[in-house]
Amino acid sequence: MSLESVESVGVPAAPTAPAAGRASARAKAARRRRLTVYAARVLVLVVVLGAWELMARNGVIDPFYVSMPSKIWDQIVQWTLHGTPQGSLGEQIWYTLYEALLGWVFGVAGGVVLGIGLGRVRFLADVFSPYIKVLNALPRIALVPIFLILFGLGPASKVASAVVLVFFPVFFNAFQGAREVDRNLVANARILGASKRRVTLQVVIPSATSWIFTSLHVSFGFALIGAIVGEYLGAAKGIGLLISASQGTFNTAGVYAAMVILAVVALLAEGLLTFAEKRLFRWKPGDSGPGE
């Protein structure tokens, strides 16, 4: 064998210059697009806040009802530096976050277990289907006063409110994910001798994970809503109580400031979920939307 043949066999072919150039161009285009998207988001926010401030200052809209961004910012700074009537701002945020997280965890766990269980056992799905549809049709926010009566003004009533709001979106996604598992994968696993338990753990649950993660992105927002509504109706601490107290004293800036704080908490939670999803699904190709 000649030296040229040995080199051609033992050394992997380097990428050609045109291919490397195209890859570099795609990477640069992707970076430019990300920067453009971020800049456009900031521009939209600046335009909306600027228009809001100008219209409120010039009397186009009544600041008594809609406040203005500068007053909202001043309220957040005041709460941060001097605390709220109910205690420090961090304490209020943590109280609400604790209730929402606990309700979210319980709601997600119940939704995943029951969703996959009923998705795997058709007989149980047929039996419980009408009851689940009826419960899902109920206005679950209306249950919050009942939870307050049953569990009192403590965290338990807010956690229960968060659970009922989180459970159903997670349940239906887990149920559909279990139903949409590739039948060939299940059949192959059974041919190889896998028990029903192993098929569920090693085939069904991994296949349904993407469906479940889709519901997690919206379910944490529902958990926050459940906690906030419960605090609004009756609590000793929390962001919902801040909203209620601000509304009771006609402090419109306080109402909007509490909503801004909630939005920041929700965005941070969404970012953490997105990061976890990307880490878990690193094998999936990135989505390419139109125009990319």
Side-chain angles (χ1 to χ4, degrees), residues 33-101 103-104 139 141-142 144-145 148 153 158 161-162 165 217-274:
R33 185 183 185 281
R34 282 197 299 270
L35 290 174
T36 303
V37 169
Y38 292 146
R41 289 173 179 174
V42 172
L43 179 61
V44 168
L45 181 62
V46 169
V47 169
V48 170
L49 294 181
W52 183 1
E53 183 79 18
L54 287 173
M55 288 190 293
R57 287 185 179 276
N58 294 324
V60 178
I61 56 177
D62 191 345
F64 179 79
Y65 296 106
V66 296
S67 189
M68 61 181 68
S70 58
K71 289 185 177 180
I72 295 169
W73 175 252
D74 290 341
Q75 182 68 79
I76 294 174
V77 172
Q78 180 184 343
W79 281 345
T80 303
L81 297 179
H82 306 293
T84 70
Q86 292 77 32
S88 69
L89 180 60
E91 187 180 9
Q92 311 311 309
I93 295 173
W94 168 245
Y95 199 78
T96 299
L97 194 58
Y98 166 76
E99 296 164 344
L101 278 173
W104 183 73
I141 290 295
V144 176
L148 287 171
L153 299 179
K158 288 71 176 179
S161 304
L165 289 177
H217 287 281
V218 296
S219 62
F220 188 76
F222 289 156
L224 279 174
I225 291 172
I228 291 298
V229 172
E231 291 172 351
Y232 183 85
L233 294 179
K237 296 178 183 177
I239 301 297
L241 180 60
L242 278 182
I243 295 175
S244 177
S246 298
Q247 185 182 32
T249 56
F250 301 99
N251 181 10
T252 312
V255 174
Y256 282 99
M259 293 170 63
V260 168
I261 293 168
L262 280 175
V264 171
V265 171
L267 284 175
L268 290 175
E270 171 69 18
L272 289 175
L273 282 172
T274 302

- Message: Whether the side chain of Ser244 engages the backbone of Gly240 through a donor-acceptor N/O pair (distance < 3.5 Å, no angle test) should be reported.
- Response: no
- Any donor-acceptor N/O pair, Thr252 side chain to Phe64 backbone, under 3.5 Å: yes
- Minimum heavy-atom separation for Ala223 to Ala100, with atom names? CB-O, 3.5 Å
- Note on the structure: Between Gln86 and Ala236 the two heavy atoms that sit nearest each other are CG-O, 4.2 Å
- Could you tell me which non-hydrogen atom of Ser161 sits nearest to which non-hydrogen atom of Val144, and how far apart they are? OG-CG2, 3.6 Å
- Mark yes or no for whether Lys158, through its side chain, and Leu153, through its backbone, hold a donor-acceptor pair below 3.5 Å. yes
- Message: So, taking the atom named CG in Leu242 and the one named OG1 in Thr84, what distance separates them when rounded to the nearest 0.5 Å?
- Response: 5.0 Å
Which pairs of donor and acceptor atoms, one on a side chain in residues 256-268, lie under 3.5 Å apart (sequence neighbours left out)?
none

- Item | Between OG on residue Ser219 and CD1 on residue Ile225, distance to nearest 0.5 Å | 11.0 Å
- Message: Just verifying a value: how many Å separate Leu224 CG and Glu99 CD, rounded to the nearest 0.5 Å?
- Response: 10.5 Å
- Note on the structure: Rounding to 0.5 Å, atoms CG (Leu165) and CD1 (Ile141) come to a distance of 4.5 Å
- Task: Determine yes or no for a side-chain-to-main-chain donor-acceptor pair under 3.5 angstrom, with Trp52 supplying the side chain and Ser67 the backbone.
- Result: yes
- Query: Looking only at heavy atoms, what is the nearest atom pair of Gly254 and Trp79, with distance?
  - Reply: O-CH2, 3.3 Å
- Query: What residue pairs, at least two apart or across chains, pass salt bridge (charged side-chain N to carboxylate O under 4.0 Å, His left out) with a residue in residues 230-250?
  - Reply: Glu91-Lys237
- Query: Minimum heavy-atom separation for Leu233 to Pro145, with atom names?
  - Reply: CD1-CG, 4.0 Å
- Are the side chains of Ile239 and Tyr95 in touch, meaning some heavy atoms are under 4.5 Å apart? no
- Message: Could you measure the distance from the CD atom of Gln92 to the OG1 atom of Thr96? Nearest 0.5 Å is fine.
- Response: 7.5 Å
- Starting at CZ of Arg57, measure out to OG of Ser70 and round the result to the nearest 0.5 Å. 4.5 Å
